[in-house]
Every structure is written in C-alpha cells, then in structure tokens.
K.L.:
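Please read through the structure below; I'll follow up with questions.
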4 protein chains.
Amino acid sequence: MARPKSEDKRNAILAAATRVFADEGLAAATARIAKQAGVADGTLFTYFSSKDELLNQLYLQLKAELREVMMADYPRDAALEARVRHVWQRYVAWGAANAHKRKTMAQLGMSERVSAESRAQGSAGFADITALQAEGLGTGPLCDVQPTYFGALMGALADVTMEFMAREPASADRYRDAGFAVFWNGITTKT
Amino acid sequence: MARPKSEDKRNAILAAATRVFADEGLAAATARIAKQAGVADGTLFTYFSSKDELLNQLYLQLKAELREVMMADYPRDAALEARVRHVWQRYVAWGAANAHKRKTMAQLGMSERVSAESRAQGSAGFADITALQAEGLGTGPLCDVQPTYFGALMGALADVTMEFMAREPASADRYRDAGFAVFWNGITTKT
Amino acid sequence: MARPKSEDKRNAILAAATRVFADEGLAAATARIAKQAGVADGTLFTYFSSKDELLNQLYLQLKAELREVMMADYPRDAALEARVRHVWQRYVAWGAANAHKRKTMAQLGMSERVSAESRAQGSAGFADITALQAEGLGTGPLCDVQPTYFGALMGALADVTMEFMAREPASADRYRDAGFAVFWNGITTKT
Amino acid sequence: MARPKSEDKRNAILAAATRVFADEGLAAATARIAKQAGVADGTLFTYFSSKDELLNQLYLQLKAELREVMMADYPRDAALEARVRHVWQRYVAWGAANAHKRKTMAQLGMSERVSAESRAQGSAGFADITALQAEGLGTGPLCDVQPTYFGALMGALADVTMEFMAREPASADRYRDAGFAVFWNGITTKT
DNA sequence: AATGAATGAGAATTCATTCAT
DNA sequence: AATGAATGAATTCTCATTCAT
C-alpha cells in the first residue's frame, strides 16, 4: 500500500454526495460528486466499490449522525415525556439546520437501492427510542403493534414538520411544537 | 379522424407506468413501460410528449383516483370524527389494496420532476379535507399553523401505516385503527 | 379511384417543402412539411412515395421554374452579350426575389439524395444556355473544356452574387452588375 | 495526468469525420465516425462535447489547413497575377487531391450548424487574400463592392473547377487553367 | 383518397465503471 | 493510491413510413 486510503477523502466524498443528491436527486452522476469532493472520477471507486455502495454507506453515515444528535445529552432519568420531547427536538432541529442531509436522507429512505441489510443496520442504534414505546404506552393506541411502528411514526411526523419549518422559517418554532403535540397526544391515551 | 387516440391505450400506459415505477423506481426506462403496456416504444410519446409529462399526468391521475376513493359516500353531515375516520379508512384501504399505486405515488410525491403546477392541481380537489382542520380543531395543536399541514400530517401517518399494513397483512386492521387513533388523538385537544 | 389526386395538394406540398427546407435544412421532418401544406402526415406519401422522391421532384420543379424564368422573352436574335446578360439578370432576379427557393435549390444541388438521373433531367432544359458557350467563345478560356462547365460556372457565380444581394439589399444592383461583369469578362477573350 | 487526451485520437476522429461526412453527408451518425476512427462511441464525446462542436472544429481545422496550403511559399513580392495564380493553383490542387476534405468543406460551408463565430474565425487567416482585391482591382468590376465578395467569388469558381477536375482527371490541368483564366480575366479590367 | 395513430429502427448523449499511466 | 481517458450499454426521443379507419 503506497498510500493508505484517506479518511478525509472518504468524508469529502460523502459530504459532496449529500449535497449533490439533495440538489439533483439520487440519479446524479458520480462524476459530479467526485468533482464536488475535489477528487478524480475514478477515486470515488477506490473508496466505494459502486454507486450503490456509496448510497448505502451514506445512508448508514447519516443514520449514525442522526442517532448521535438525538442521543447526545439524553436525559435518561427524566420523565417519559421529557425524553420523547428531547428526541423530537433534536431530530427536528438537526433537520432544520441540515437541509441537504434531510433531503438526501428522505430520498435514501425511499430508494430501493438501499438494501434491507443497511436498513436493519441503520435502525439498530435506535433501540433506546424504540424502547420508549414499550415503557409508558402500554395502554395507548400502540399497545399491540410492532415497536418499530413507533419510530416510523415519529420519523414521518418529524419529516413533515421539518418540511414545513423549512418552508416557513418564521413559524419554525410553532411547527416544531405543534408537531410534538400531535405526536405526544397521539401516542398517549386520553384520560 | 383516421384512428382516434385510444383512451384504452393511454390508460394501459399509465397502468404499466404505475407498475414499472413501483418495481424499479422512477428511473425505469420508458421502453419497459411501453412493452408492459403492449405498445411500441414510440407510441408512448404520442400519448405523453416526454417522460416528465408522463410522470406529471400519472401523478394527477393517481391523485384524482385517491380523491374519488376518499370522497365516495362521504358522510357530509356526520360528526367530525366520523368524517375524518371515513377519509382515513378509505385512504388506507386504497393504499393497502393498491401497493403499486401507493409506492409510485410516494415516489412521485418526492420527485422534483413533478411540477409545482401539477402539485397545485393535484391538491385542488382536497379542499374538503383541508377544511376539516378549520372546523373543530380551533383549540387543538394545529390551531395556528397552515391548514395544509393537516393534510400533510394525515398523508404521512397514513403512508407509514399502509407500509406496516402491507408488511404484516395479518395485523392490517390493527395498524389501520392504531394509526387513526394516533392521528385523531393527536390533532384533538385532550380535555 | 374515389377521388383523383389533387394537383393543388401536390403543389401545396412542394411549396411547403421549399419553405421548410429553406428554414430548417433538408433534414426537416416530413410531418412539418405536411402541416405547413395543410395536409395529413400520411397524405404526403400518397403524392410522393418517399422523402427522397419528394426531394427529387422538388429539385426538378425548381429547375423547371428557373428555366422558364430564364427563358421567358429570350432575345434569340440579339447579340451574344445581350443574351447572356438576359439569362444572368433573370436568374439573379429570381434568386433575389425567392430566397426560399434559392436556398432550397442550393441544398438540393449539394445533396447526395438527389439522383444522378434527376440531375441529368434537370439540366436537360438548359441546352440553350449551354449552347451559348459553343457560339462565341471558341477562342476564349473555355474553348476546350466540357460545355457544361460554362453553365456550372455561371450557376456558381450567380449563387455567390445572390447571396451577397440578399445580405446587402441596398447594394443589390451593384452586385448584380459586378457579377455579370466578372462573368462576361471572364469567359470572353481579352483583345 | 493519468492518460493525457491524445492528439492522435482527436485527429483520427476529425479524419474519420471528414471521410464519413463526405460519403454520407453531415447527417451521418456519430457512431459511424467513432467506429471509423477506431474509438468507442462515447470517446468521441470526450474530444468533442457534441456533434455540433465536432462540426465546428472540423470546419476550423479544414479552413486552417487550406490556409496553410495556400500560403506556403507565397511569393509576397511577385506581381499581382503571380500571387493570385499561386493561391488559385494551391487551392485547386489541394481540392483535387483531397476529395473528402473538399466535399466535407463544401457541406460545412453551407450548414447552419457551423456558427457565425466559427465562420469569422475560419476566415480570419485569409486576410492576405482578401487584401489582393484592394490592391490592383481598383478600376475593375469589383471596385465598389465588399472585399469579401472577392474571396467568395474565387471560392465558388474554384469549387466548380475542382468538381470538374475530379470528374475528368485526364483534363484536370485544362480545367485548372481555364478556371484561373476566367477568374483573372473576370476580375481585371479589359483594356 | 385522406387521415393521423402506430410502429420501431436509429440518433445523440450520458454515465457507472475500468484501466493505463 | 490517484488520475482521468476510455468504454459501450442504456436512455430518451425522433421520424419516415405503414395501415386501420
């Protein structure tokens, strides 16, 4: 090995891909990504064996980043609502602040080019969140469905919410809070 | 007119496109669609001037179909909850029964190839639904956000729900009802 | 024969072809010509069995028209110069007044799609002109080359001249006369 | 640089294009040119961004070559006639010896796909020739028309002449000299 | 005869991937 | 490892021509 693969270059490619995919869709040419990343066309393929591989790795990276963001400072001992709110706020703030990443993530989430394996692996780290469901929602609407439904629901609500936040930045906070209210009211039982 | 343009052929192409796009994504080749529709490659372009045109027309058709499905037998005079439930049930049943259409619709909804104009036109018929928000939710979480947020929220929840229904058909009804409960609880104020 | 082929339609197609080819080149679609002519796409092919056939017929028609123009009022008994001048003036005036025809003619003249047979037939009527060479140029530069060279030379000079006349209409007469002077001086011997 | 863009390949493509265009017209497929040049279909587009670009570059190359041929050994201090004759002989000899180039050049000259800019650039090097007009022709037929008319006239006469030379090689020299005589007599004043 | 929809063989590009340097 | 030229399969769209009406 004359030169070891550079972590910097790998990251540059992933960052460029995030931007380019957000702007042009997943059909964007790898050459465009390479140029944006400041590497040669061929170099992209020494870091990612194929475009599909790049797509999957990018998916995993974004998922991992999102997880970190959501879990940083997680108030493990707070009340259920506080913890759910924490996760929601972080998620939504991240999406609002990182439009590229959010858009690309949304596209990757829908693409058949992201493998089932990547999806499984990408969801793995969200155990804590999935666990929230089991905890206090035993008598709520979600009492007898798959725990993953909980996460999917939150993701869907958050996506819509972020979309509106991006569209009307002046009302961003209102959407953030309305979204949370809908979510929280929705999953808990009325008394 | 020598041979009038055949409505059947147009529909065959749209139906084929729905299937092919669901299976292969919007990047699927027009040639594949033509073959599936039983027409020559070139014929597709006598009905749709370009692939983008096909995409937009398909979007409009699916939206129109969905609207009809949701609005058939609409209990205009029933209580708010009954009406919202009606819409939800129809939506979700349609999606569960028409996986192709649902998947393609989801992709079209995200694609930048569907024009703003098509989106506007496609949403036009959903006024009744958007109006639901104004009606009884004056004090709920959605009291001071755009009315379109209501529809987007419902769409997002329904999509997730249909996805799980398709994945676990045995529990389809459970998801359908859980989804509605989350939605209804979410948008109404707890007392 | 339910309806006899209409000479009008045939002429409309030829006229449309002249305009369209002048504007878009010989690669123009037959459908465009049909539309311009006010007939259906297929109708063009009942008058001309193929696009090549149309090209060849158009070539012949334009050649014939040009011949008529040049030969009308031909001063058969005038001096050589007067006759050559007559031909030149008519040619050049026709080209200046019929830009479409001139341009299309120029393209047809260069196209390999116009058959040798059409060329032969198209040139047939120009015997009088070719004959001019034999007459008085026995001692000039053209004394021992093919007589057709004479006609080709005049055509080439006239084409260039018409091009400049079209480009600078204000100086049209100047070019017309300069062109003739060059031609006449060129083919006659200096004394 | 990994593999520098090869000047050889670029030239092979231009040479192939010259041959193919001469044989089949400018409508010839780029794939045919690529095959003739011994490169892959796509390679043509790494050297020329589009077919139009190829057409324009080819035009410029042929013009440049023609200029070099005409200007090599130019007898700058000889009499006017000697200089005009030099140019004529070189032009005509080049065309007779390079039928492909001559035919393709003629087609490019007429094509609306060659831009005004290319034409301007292509003509730039012919200043010496255009200058010939000003010099001794002040009292001839061309005394009060655009100087470019001079060059166009020579080009037209030379084209016709080369055509006949190609058609009757045995009389090539006769046509060459007859053509020059017509040209020279034509542009100079009779005394 | 007239119409214009239907056909399918190309045409010019594009692009993921390979490979010589 | 890095580069970017080379590759050729695949794609969208065009168009001369045919043929059902």
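Within every chain, numbering begins at 1; the chains are lettered A, B, ... in the order of the sequence lines, protein sequences first and strands thereafter.
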K.L.:
Taking any strand in view, what nucleotide pairs with E:dA1 in a Watson-Crick or G-U wobble way, both distances under 3.5 Å?
P.N.:
none
K.L.:
Applying the side-chain contact (heavy atoms from CB on, under 4.5 Å) test to D:R10, which of D:Q57, D:K5, D:Q61 qualifies?
P.N.:
D:Q57
K.L.:
Among the nucleotides F:dT7, F:dT3, F:dC19, which one has an atom lying closest to any side-chain atom of B:R3?
P.N.:
F:dC19
K.L.:
With sugar-phosphate meaning primed atoms plus P, OP1 and OP2, does B:A34 contact a base, only sugar-phosphate, or nothing at under 4.0 Å between heavy atoms?
P.N.:
nothing
K.L.:
Regarding B:F48, tell me which of base, sugar-phosphate or nothing describes its non-hydrogen contacts under 4.0 Å with the strands shown.
P.N.:
nothing
K.L.:
CZ of D:R32 versus P of E:dT13: gap in Å, rounded?
P.N.:
17 Å
K.L.:
Taking the side chain of B:S50 as its heavy atoms from C-beta onward, which of F:dC13, E:dA6, E:dT13 lies nearest to it?
P.N.:
F:dC13
K.L.:
Does B:D23 reach the side chain of B:H100, with side-chain heavy atoms less than 4.5 Å apart?
P.N.:
yes
K.L.:
Please give, in whole Å, the distance from E:dA16 P to A:E24 CD?
P.N.:
11 Å
K.L.:
Below 4.0 angstrom from OP1 or OP2 of E:dA5, is there any side-chain N or O of B:T46?
P.N.:
no
K.L.:
Distance check needed: F:dT7 C1' versus D:K9 NZ, whole Å only.
P.N.:
10 Å
K.L.:
Between E:dG4, E:dA2, F:dA2, spot the one nearest the side chain of C:A40, thanks.
P.N.:
E:dG4
K.L.:
Can you tell which of D:L14, D:D41, D:L54 makes a side-chain contact (heavy atoms from CB on, under 4.5 Å) with D:I33?
P.N.:
D:L54
K.L.:
Pick the closest DNA chain E nucleotide for A:L26 and for D:T30 by heavy atoms, then say which residue is nearer the 5' end.
P.N.:
D:T30
K.L.:
For the NZ atom of B:K101 and the CG atom of B:L58, what is their distance to the nearest 0.5 Å?
P.N.:
10.0 Å
K.L.:
Is there side-chain contact between A:L55 and A:Y59, with heavy atoms separated by less than 4.5 Å?
P.N.:
no
K.L.:
Within this structure, what is the CZ-CG distance for the pair C:R102 and C:D159, rounded to the nearest 0.5 Å?
P.N.:
8.0 Å
K.L.:
Rounded to the nearest angstrom, tell me the gap between atom NZ in B:K35 and atom P in F:dA10.
P.N.:
12 Å
K.L.:
Could you check D:A27 against C:G42 and say which one's nearest nucleotide on DNA chain E is further toward the 5' end?
P.N.:
C:G42
K.L.:
Start at the 5' end of DNA chain F and walk down; is the nucleotide closest to B:R113 or to A:G38 reached first?
P.N.:
A:G38
K.L.:
Can you check the D:D52 CG to E:dT13 P distance for me, whole Å?
P.N.:
7 Å
K.L.:
When the nearest nucleotide of DNA chain F is assigned to C:K51 and to B:S49 on a heavy-atom basis, which residue is associated with the more 5' position?
P.N.:
B:S49
K.L.:
Which one, F:dA16, E:dG8, E:dG4, comes nearest to the side chain of C:D41?
P.N.:
E:dG4
K.L.:
What nucleotide, of F:dT12, F:dA6, E:dA11, holds the atom closest to the side chain of D:A29?
P.N.:
E:dA11
K.L.:
Take atom CG of B:L54 and atom P of F:dT11, then tell me their distance rounded to the nearest Å.
P.N.:
15 Å
K.L.:
Taking a pair as Watson-Crick or G-U wobble with both distances under 3.5 Å, which nucleotide is matched to F:dA9?
P.N.:
E:dT14
K.L.:
Closest to the B:V39 side chain: F:dT17, E:dT7, F:dA5?
P.N.:
E:dT7
K.L.:
In whole Å, what is the span from the CD1 atom of A:I13 to the C1' atom of F:dA2?
P.N.:
11 Å
K.L.:
Quickly work out the C:L55 CG to F:dA16 P distance and round it to whole Å.
P.N.:
11 Å
K.L.:
According to a strict under-4.0 Å criterion, is B:Y47 in side-chain N/O contact with OP1 or OP2 of E:dA5?
P.N.:
no
